[in-house]
Amino acid sequence: MRQARSGWGLFATPHCSRPRFTLGPWRENSRRCRKMSLVDTIRSTLVPIHREGWKFVAGFFVASLLLGAAWEPLMWIGFILTAWCAYFFRDPERMTPQDDDLVISPADGRVSAVAMVTPPSELELGDQPMMRISVFMNVFNCHVNRAPMRGRVSRVAYRAGKFLNADLDKASQENERNGLVIETAHGQIGVVQIAGLVARRILCWTVMNDSLEAGERFGLIRFGSRLDVFLPAGAEPRVSVGQMAIAGETVLAEFGSAKGPVISRRG
């Protein structure tokens with residue numbers, strides 16, 4: 001076969017039982033590849049919206065149309081808020097390490113505290129200080145909460161309270177909260193959902209005796225809040241205050257390691 005002229009090439013025909021080759025334009029193939037790449041990018045960017053958020057997205061959209069009937073600029077402002085609402089309730093897939101020695105972040109957000117603190121009394125984890133790692137979620141973080149370790153839920157405890165700024169340390173004792181105690185391979189751990197200044201609803205669809213896998217969804221908080229994880233002796237922190245965490249992926253702490261705590265440097 002004569003060599004093809006410049007601008008043309010040999011392309012394998014897909015889904016053939018035996019190798020076949022046909023001539024085709026390089027330029028057309030390049031456009032097709034760019035189109036497929038754009039579609040893949042859009043699919044990876046537009047993540048699913050959690051079912052709990054659809055009614056809010058619909059409410060924002062309808063309100064935008066009604067406001068637009070009175071004054072058109074309000075409609076466009078409403079559409080922006082509708083897009084934000086859809087973004088707030090996003091529920092992306094996460095790749096969670098399946099290792100019983102690892103404690104995975106239950107929330108997206110900033111690590112706001114790593115300290116030894118007495119756990120809330122309603123968890124019944126005793127009156128001795130435990131390692132507490134707090135993750136603060138602002139209104140732009142994904143608010144779907146995930147189990148930090150694999151285990152069985154032995155306690156679910158809700159407590160009414162205030163709605164202080166969840167970034168404050170006293171919020172862990174004074175704010176409305178919902179706590180889980182999970183029986184793990186390293187003992188009992190506590191996971192506490194804490195309402196914030198704007199948050200007015202804590203959702204938890206996990207009940208006692210449920211079995212959770214690390215990274216499995218167990219709840220959600222609307223809008224802006226915090227999660228505390230209480231860990232027994234033997235856990236070494238793997239994050240520092242100020243670090244950003246990703247729910248279901250970031251390792252907060254590790255059991256059974258002799259390395260000691262990790263020291264971070266601000267770059």
Side-chain angles (χ1 to χ4, degrees), residues 47-54 56 85-98 102-113 119-120 122-123 125 132-159 161 163 166-167 171-172 175-184 188-231 239 243-253:
V47 298
I49 298 174
H50 195 276
R51 63 182 182 274
E52 293 290 343
W54 279 113
F56 290 93
C85 187
Y87 180 73
F88 177 88
F89 284 105
R90 66 195 184 279
D91 185 15
E93 293 296 324
R94 298 286 165 81
M95 300 298 293
T96 304
Q98 297 300 301
L102 301 180
V103 181
I104 310 301
S105 179
D108 284 18
R110 175 177 55 84
V111 177
S112 58
E122 67 269 16
L123 296 183
L125 291 176
R132 186 191 72 187
I133 301 179
S134 302
V135 179
F136 174 75
M137 299 177 286
N138 63 36
V139 294
F140 296 103
N141 292 128
C142 176
H143 275 55
V144 176
N145 305 143
R146 296 170 180 264
M149 297 186 74
R150 181 172 66 89
R152 181 183 65 86
V153 177
S154 61
R155 185 170 178 78
V156 180
Y158 168 80
R159 181 166 179 174
F163 296 96
D167 206 17
S172 62
N175 279 23
E176 176 179 315
R177 58 187 182 268
N178 183 72
L180 302 181
V181 176
I182 304 176
E183 303 279 352
T184 75
Q188 293 181 322
I189 69 168
V191 185
V192 184
Q193 299 169 286
I194 302 174
L197 186 65
V198 182
R200 286 298 184 270
R201 184 72 187 276
I202 296 175
L203 301 177
C204 178
W205 46 81
T206 296
V207 297
M208 283 183 59
N209 296 319
D210 276 357
S211 293
L212 294 175
E213 295 293 330
E216 184 176 347
R217 301 165 179 86
F218 74 86
L220 181 149
I221 313 179
R222 306 191 299 250
F223 292 88
S225 44
R226 170 176 140 194
L227 260 81
D228 288 349
V229 181
F230 291 88
L231 303 171
V239 290
Q243 180 177 336
M244 298 303 296
I246 299 175
E249 294 188 356
T250 300
V251 176
L252 296 183

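Values below: all heavy atoms of this structure, side chains included; hydrogens, waters and symmetry mates excluded.
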Mind checking whether [X] and [Y] have side chains closer than 4.5 Å, heavy atoms only?
X	Y	answer
Thr206	Leu212	yes
Ser154	Met208	no
Pro148	Ile189	yes
Val111	Met244	no

Item to complete: Can you sort out the partners of Arg159 under salt bridge (Lys or Arg N to Asp or Glu O under 4.0 Å), two or more places apart, ordered by chain and number?
Response: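 Salt bridge (Lys or Arg N to Asp or Glu O under 4.0 Å) check on Arg159 returns Glu122.
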First locate atom [atom1] of [X], then atom [atom2] of [Y], and finally report the distance between them rounded to the nearest 0.5 Å.
X	Y	atom1	atom2	answer
Ser225	Asn175	OG	CG	10.0 Å
Ile221	Asn178	CD1	CG	8.5 Å
Asp228	Gln193	CG	CD	11.0 Å
Ile182	Thr184	CD1	OG1	8.0 Å
Leu252	Leu231	CG	CG	8.0 Å
Asp91	Cys142	CG	SG	6.0 Å

Discussion item. If only side-chain N and O atoms count, and only distance matters, is there a donor-acceptor pair under 3.5 Å linking Asn145 with Arg217?
Written reply: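 No.
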Closest approach of [X] to [Y] (non-hydrogen atoms, all atoms of both residues):
X	Y	value
Phe230	Arg132	CZ-CD, 3.5 Å
Met149	Leu102	CG-O, 3.6 Å
Ala107	Val135	O-CG1, 3.7 Å
Trp205	Asp210	O-OD2, 4.4 Å
Val191	Leu227	CG1-CD2, 4.0 Å
Gly248	Ile104	C-CG2, 3.3 Å

Worksheet item: Take atom CZ in Arg150; do more than 12 heavy atoms of anything else shown fall under 6.0 Å from it?
Response: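 Not more than 12 within 6.0 Å, no.
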Item to complete: Tell me, yes or no, whether the heavy-atom count around Phe140 atom CZ, taken from other residues, nucleotides or ligands under 6.0 Å, exceeds 12.
Response: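 Atom CZ in Phe140 is not packed in, count stays at 12 or less.
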Worksheet item: Considering residues at least two apart in sequence or located in another chain, which fulfil the side-chain hydrogen bond (donor to acceptor under 3.5 Å, both in side chains) criterion with Asp108?
Response: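 Partners of Asp108 under the side-chain hydrogen bond (donor to acceptor under 3.5 Å, both in side chains) test: Arg94.
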Fill in: Set of residues satisfying side-chain hydrogen bond (donor to acceptor under 3.5 Å, both in side chains) with respect to Ser211, sequence neighbours excluded
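Residues passing side-chain hydrogen bond (donor to acceptor under 3.5 Å, both in side chains) with Ser211: none at all.
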Is the side chain of [X] donor-acceptor paired with the backbone N or O of [Y] at a distance under 3.5 Å, no angle test?
X	Y	value
Gln98	Thr96	yes
Asn141	His143	no
Arg146	Gly215	yes

Discussion item. With side chain to side chain contact (heavy atoms under 4.5 Å, CB included) as the test, pick out the partner of Val181 among Leu125, Val153, Val192.
Written reply: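 It is Leu125, the one option of Leu125, Val153, Val192 that forms the side chain to side chain contact (heavy atoms under 4.5 Å, CB included) with Val181.
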Worksheet item: Under the side chain to side chain contact (heavy atoms under 4.5 Å, CB included) criterion, do Arg155 and Leu123 qualify, and how do the steps go?
Response: CA-CA 7 Å; Arg155 185 170 178 78; Leu123 296 183; 5.5 Å; no
Fill in: Residues Arg226, Met137; criterion side chain to side chain contact (heavy atoms under 4.5 Å, CB included); working and verdict
CA-CA 6 Å; Arg226 170 176 140 194; Met137 299 177 286; 5.8 Å; no
